[in-house]
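What follows is a set of notes on a single structure, which appears directly below.
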Amino acid sequence: MGTKKNFVLDTNVILHDYNCLKNFQENDIYLPIVVLEELDKFKKGNEQINYNAREFVRELDTLTDDDLFSKGVKLGEGMGRLFIVTGHVEAPKVQESFPVKKPDHLILAVAEYLAAKNPKVKTILVTKDVNLRMKARSIGILCEDYITDKVLNVDIFEKSNEIFDNIDPALIDRIYSSKEGIDLGEFDFKDLVHPNECFVLKSDRNSVLARYNPFTHTIIRVTKARNYGIEPRNAEQSFAFEILNDPSVKLVALTGKAGTGKTLLALAAALGKLTEYKQILLARPVVALSNKDIGFLPGDAQEKVAPYMQPLFDNLNVIKRQFASNSSEVKRIEDMQKSEQLVIEALAFIRGRSLSEMYCIIDEAQNLTPNEIKTIITRAGEGTKMVFTGDIQQIDQPYLDSQSNGLVYMIDRMKDQNIFTHVNLVKGERSELSELASNLL
């Protein structure tokens, strides 16, 4: 058991994870009263951030008694106590360096006050705000990011699929000729592959695109399948289609920079599988400077989010353009939109729904917290497939980064599950210009 510490929590930690109080072991937690005031502003609304604020306040209500403000309340077996700090506190360093009275500075003041009051106990400010951490360090206050759900190794997002060389050419011939595939035990790399992983096998005279099927424990061939007019342009897009088309893989992560075709491939695969699902749902989170400026847009809720949904409609139009405008394929897509068999909407609108027999594509998933991803996946009913797409280098949420967003968290936690797989797309296929911009700018 380590030395007991005091942790002061910033509002953004609670909005990131409303269960955060359970993650500080035997240490004591201090909430400045300004944090509760800030949470109050977030209680109304349909976004996950609003839900988190409400859930935390409910949780707090079950703990509350008169001791919360004096002796603190016990958080549970083997855990510390929770205190709420009210009123003015003495914090000369904060008052000298940051005289403006704003929530960040009031939170810093509580951390300085506690550190001075209990010099033998380490007092640490926990915040997801980089600027606040810099301010804290500038006046000698200990601080940390909230890293309970941080993924340490993000190297997998740099590389494409594995290539296994020096394979026996006879084995590759057998993969081509066998529908059932070849037992994994016949390959030297049997301990290196994850369930449903796709890779290239090469010998000195032949090669094959292949996948490990965990349900049959075999290596099977991946073919270059076309989906609703969209053809894979490279090996990794073929791998994406292979996984997107397999109903036994219920959860898929597609990552890659802009222009690698993530959303287009997922949508084309969903349209190609329509007979197996009641509905296709294509959704993305609305991220607009911490959700603050969307209120100023004109119109009702649907009209406000329409500009954010446009990239999804753009992908649908790319698919439509593969066919003549009067073709049965285009008419079918339009009929599906009218009958709501194909729905494109903001992620906030799916809260509370049970998602059964659906092909769900969640775009821009790098802007979701681990808790938000969990909330969405736990909505999945029977016969539903969920595909999360995203680029971990393009995060628009102020308190998420490439290690703490929900998409990398999900990939890290799910990587050895038979019903999950992750395909990373590296080659840009939008255009030569797009590829250049992505690499150089």
Side-chain angles (χ1 to χ4, degrees), residues 151-227 230-256 260-262 265-266 268-269 272-273 276 383 385-389 408 410-427 429:
V151 174
L152 296 176
N153 179 19
V154 289
D155 294 350
I156 54 165
F157 301 100
E158 296 295 320
K159 59 176 191 173
S160 184
N161 47 273
E162 291 288 353
I163 298 172
F164 294 108
D165 291 304
N166 304 317
I167 303 292
D168 180 351
L171 271 178
I172 293 178
D173 288 340
R174 282 172 58 206
I175 290 172
Y176 274 105
S177 59
S178 162
K179 265 196 175 148
E180 292 77 37
I182 312 293
D183 190 274
L184 177 66
E186 294 197 44
F187 296 86
D188 296 340
F189 54 78
K190 56 183 176 290
D191 301 325
L192 303 175
V193 293
H194 294 295
N196 302 303
E197 188 178 343
C198 298
F199 34 80
V200 180
L201 301 182
K202 284 184 171 179
S203 76
D204 53 5
R205 71 170 173 81
N206 54 5
S207 65
V208 67
L209 304 185
R211 166 188 163 201
Y212 168 46
N213 184 330
F215 303 101
T216 56
H217 300 289
T218 55
I219 300 291
I220 56 173
R221 183 185 167 205
V222 172
T223 55
K224 287 196 172 186
R226 166 190 269 255
N227 267 322
I230 301 297
E231 245 177 78
R233 293 188 177 186
N234 54 46
E236 53 196 36
Q237 289 193 351
S238 297
F239 293 151
F241 268 163
E242 166 76 14
I243 297 303
L244 291 165
N245 288 338
D246 188 342
S248 59
V249 183
K250 307 283 186 197
L251 181 62
V252 179
L254 275 189
T255 55
T260 47
K262 307 176 292 293
L265 295 168
K273 286 278 169 196
E276 292 170 40
K385 183 176 179 105
M386 289 206 154
V387 179
F388 289 85
T389 71
V408 296
M410 173 186 81
I411 292 165
D412 188 60
R413 293 298 171 97
M414 292 283 189
K415 59 179 179 270
D416 293 315
Q417 301 304 312
N418 285 354
I419 61 167
F420 169 77
T421 199
H422 166 224
V423 177
N424 192 40
L425 302 168
V426 175
K427 296 187 181 87
E429 293 292 355

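For the single chain, residues carry numbers from 1 onward in sequence order.
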Contacts of S238 meeting side chain to side chain donor-acceptor pair (under 3.5 Å) (sequence neighbours excluded), chain-then-number -> none
Does some side-chain heavy atom of V200 sit less than 4.5 Å from a side-chain heavy atom of V208? no
So salt bridge (Lys or Arg N to Asp or Glu O under 4.0 Å) across residues 172-199, not counting sequence neighbours, yields D173-R205, R174-E186
Do the non-hydrogen side-chain atoms of I219 and L171 ever get within less than 4.5 Å of each other?
no
| Sidechain-backbone polar pair: K224 side chain, E231 backbone, donor-acceptor under 3.5 Å | no
Those residues at least two apart in sequence (or on a different chain) that pass side chain to side chain contact (heavy atoms under 4.5 Å, CB included) with L192 are F164, F189
* **D416 atom CG, over 12 foreign heavy atoms within 6.0 Å** => yes
Residues pairing under salt bridge (Lys or Arg N to Asp or Glu O under 4.0 Å) where one sits in residues 237-254, two or more places apart or in two chains, turn out to be R211-E242, R211-D246
* Okay, side chain of N227, backbone of I230: is any donor-acceptor separation there less than 3.5 Å? -> no
Any side-chain heavy-atom pair from F239 and L425 closer than 4.5 angstrom? no
The side chain to side chain contact (heavy atoms under 4.5 Å, CB included) partners of T421 (sequence neighbours excluded) come to N196, I243, V249
The side chain to side chain contact (heavy atoms under 4.5 Å, CB included) partners of D204 (sequence neighbours excluded) come to P169
### Query
How about K273: does its NZ atom have over 12 heavy atoms from other parts shown lying under 6.0 Å from it?
yes
Next on the checklist: Any non-hydrogen side-chain atom of F241 less than 4.5 Å from a side-chain atom of V222?
Outcome noted: no
